[in-house]
Amino acid sequence: MVRVAPVRLAYNPKTLWFDAGDLSLEVGDSVIVKTVRGQEFGAVHMPVFEPSEEQLRALKSPLKPVVRVASDEDVLRSAELDDKARKALPEFKKLAAETIKEMKPVAVEFLFDGDRAIFYFESEERLDFRELIPKLYGRFHVRVDLVQIGVRDQARIVGGLAHCGQELCCKRLGGEFNPVSIRMAKDQGLSLNQPKITGACGRLMCCLRYEVEAYKEVYARAPKMNAPIETPDGTAYINDINVLREMVSLKIEEGRLVQVPLSDLRTQNGEKRPSYIKRAQWNEAIRRAEEGDEWHVSTVSSVKITDNEAQALHSREMRQKFNDIYDARASQRASAVASDETREGSAREASSHGRKARGEQDERAARRARGTQEERRSRRSRDMGSSRDGQQASSSRTPRTESARFHARSREDAQTNTFDASQEEQQLSATHRKRRIRSARVRTDAPAPSADVTTQQAALVHRRSRRRSHEL
């Protein structure tokens, strides 16, 4: 009969089956196993067992053997390879940054044989890394395999702590990733605040899937929200459903809330969901409500809680504690922001007062400057007035006669008039020449003017100009 040893490898999320043969293996033992990649170092994750024929037929490939139980030398070599992989990661990041900037190196794994290295990187898009492989081979001198992984696999390899304070589920539990949707958070009545339902990988938390089946099962048996429930005291309505305790909160006409176990509600007329409660169970619920008795899960549910349900309940409580801590820190941050805004407001007010004071000082300085300028203008005007008075006094001491001033102006006017007369004479002579040319064209048979006539006309023009200059 085949003996199967479930073994966990370092960078493999699944628990793999290997043929244990005649080896005596215990949980936690280090072993050397043979895989398609060669010899690898792993640890026994679960006790050795003998599978059934159906399990053996369901296997996709024959079982690989467990080579041997790891010796001290094997453990030491595994530690050396891990240290070598940690030192190789910075080199991998440096070469990737020089070659492909979109690549995000995650980890490096050296197989137990030592002649092969696997480089894990994360990227949203498909990358062409053919240029990077020769560089890695030249640096490490081993066979190079580049493996692209997603953000969830990256979180599983790197590890860390989740919101609940425990190790990440993908690292602690392993296994394959199952799809998680926002509908699962809605079904469990969780807050849709993104930071509260997002894991370290940036995706929805894997634990949202752990309890969703229990919630679906309870909601399938329980009445819907605000559904009417017939009671001996009248009609009540569903106000809340506690899935973990399987308690239903009923709101009666007086506005009171009465908690009733889901198992006490009954169906009628072939309905799928319960719609009434008997008098005995109702009276017991009223008595508990009046006494304020707090029910525990062990008294509410008659079904025995399994280990998985207890673990889920513990996870729920830890998540609630984390939410409380998160809300407290958020309120602290809000108060800190409010105090900062108050300080900024006071600082702005003080700065406004300072600006106002500076403005008043500038205005006073401007007034002083304007007064100084006016004083300078008045002083300059007084000085100019005194200088004019002095000039008048000096002119009175050295007077010029009226005739001398008249002759000086006459000489200036004569020079100006002579210039104007010469211009007019030139214009008149040009005009007369044009007229003579025009008249010569019209009357070709007329005799040419004599030199005496031309001289007389020039003298006449000269006399007219002289007369006009004297009149001016």
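Start at 1 with the first residue, then count along the sequence.
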>> Evaluate D74 against R77 for salt bridge (charged side-chain N to carboxylate O under 4.0 Å, His left out), listing each step before the verdict.
In response: CA-CA 5 Å; D74 295 335; R77 177 167 176 75; over 6 Å; no
> Between V212 and Q188, is a side chain to side chain contact (heavy atoms under 4.5 Å, CB included) present by the stated rule, with each step listed?
Replying inline: CA-CA 7 Å; V212 67; Q188 300 176 57; 4.0 Å; yes
> Step by step, would you call I241 with M225 a side chain to side chain contact (heavy atoms under 4.5 Å, CB included)?
Replying inline: CA-CA 8 Å; I241 301 175; M225 293 294 297; 4.3 Å; yes
> Given the rule in the salt bridge (charged side-chain N to carboxylate O under 4.0 Å, His left out) test, do D82 and R86 qualify, once you have shown the distances and angles that lead to the verdict?
Replying inline: CA-CA 6 Å; D82 292 342; R86 283 192 296 270; 5.4 Å; no
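Side-chain contact between L111 and R37 is present, with at least one heavy-atom pair separated by less than 4.5 Å.
With hydrogens and angles ignored, the 3.5 Å screen pairs a side-chain donor or acceptor of R266 with a backbone N or O of S263. A donor-acceptor pair is defined here as one N or O able to donate and one able to accept, closer than 3.5 Å; no such pair exists between the side chain of N193 and the backbone of K196. A donor-acceptor pair under 3.5 Å links the side-chain atoms of R3 to the main chain of L23, judged by distance alone. Side-chain N or O atoms of Q148 include one that pairs as donor or acceptor with a backbone N or O of S123 at under 3.5 Å.
To the nearest 0.5 Å, the span separating SG on C206 from CG on L168 amounts to 8.5 Å. Here I229 contributes atom CD1 and R273 contributes atom CZ; the two are 11.0 Å apart, rounded to the nearest 0.5 Å. Atom CG in L95 sits 10.5 Å away from atom CE in M103 (nearest 0.5 Å). Here the straight-line distance linking atom CG of N239 with atom CD of Q259 works out to 10.0 Å at 0.5 Å rounding.
Few gaps surround NZ on K135; more than 12 heavy atoms of other groups in view lie less than 6.0 Å from it. For CD of E131, the number of neighbouring non-hydrogen atoms (other residues, nucleotides, ligands) closer than 6.0 Å is 12 at most. Within a 6.0 Å radius of OH in Y137, no more than 12 heavy atoms belonging to other residues, nucleotides or ligands are found. Counting non-hydrogen atoms of other residues, nucleotides and ligands closer than 6.0 Å to CD of E26 gives a total of 12 or fewer. Enclosure of atom CE in M46 is not indicated, since only 12 or fewer non-hydrogen atoms of other residues, nucleotides or ligands lie within 6.0 angstrom.
Between K87 and D83 there is a salt bridge, with a side-chain nitrogen of the basic residue lying less than 4.0 Å from a carboxylate oxygen of the acidic one. Classification of E246 and R221 as a salt-bridged pair holds, one side-chain N sitting under 4.0 Å from a carboxylate O. In this structure, K94 does not pair ionically with E91, as no charged nitrogen and carboxylate oxygen lie closer than 4.0 Å.
Of the candidates D233, T231, D264, W282 forms a side chain to side chain donor-acceptor pair (under 3.5 Å) with just one, namely D233.
The two residues S275 and E271 come nearest to each other via the heavy atoms OG-OE1, 3.0 Å. Pairing each heavy atom of L208 with each of M184, the nearest pair is O-CB, 4.0 Å. Closest heavy-atom contact between G42 and L9: CA-CD2, 3.9 Å. The shortest non-hydrogen separation linking A5 to L25 is CB-CD1, 3.9 Å.
For the pair K84 and F110, the cation sits on the ring face: its NZ or CZ lies under 6.0 Å from the ring centre, inside 45° of the axis.
Side-chain contact, E40 with T35: a donor N or O sits under 3.5 Å from an acceptor N or O.
Listed by first then second residue, pairs satisfying side-chain hydrogen bond (donor to acceptor under 3.5 Å, both in side chains) with a partner in residues 43-56 number zero, not counting sequence neighbours.
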Please table the atom pairs, donor to acceptor, closer than 3.5 Å between any side-chain atom in residues 114-122 and protein atoms at least two apart or in another chain.
residue	atom	partner	partner atom	Å
R116	NE	D145	OD2	2.6
R116	NH2	D145	OD2	2.5
Y120	OH	E109	OE1	2.8

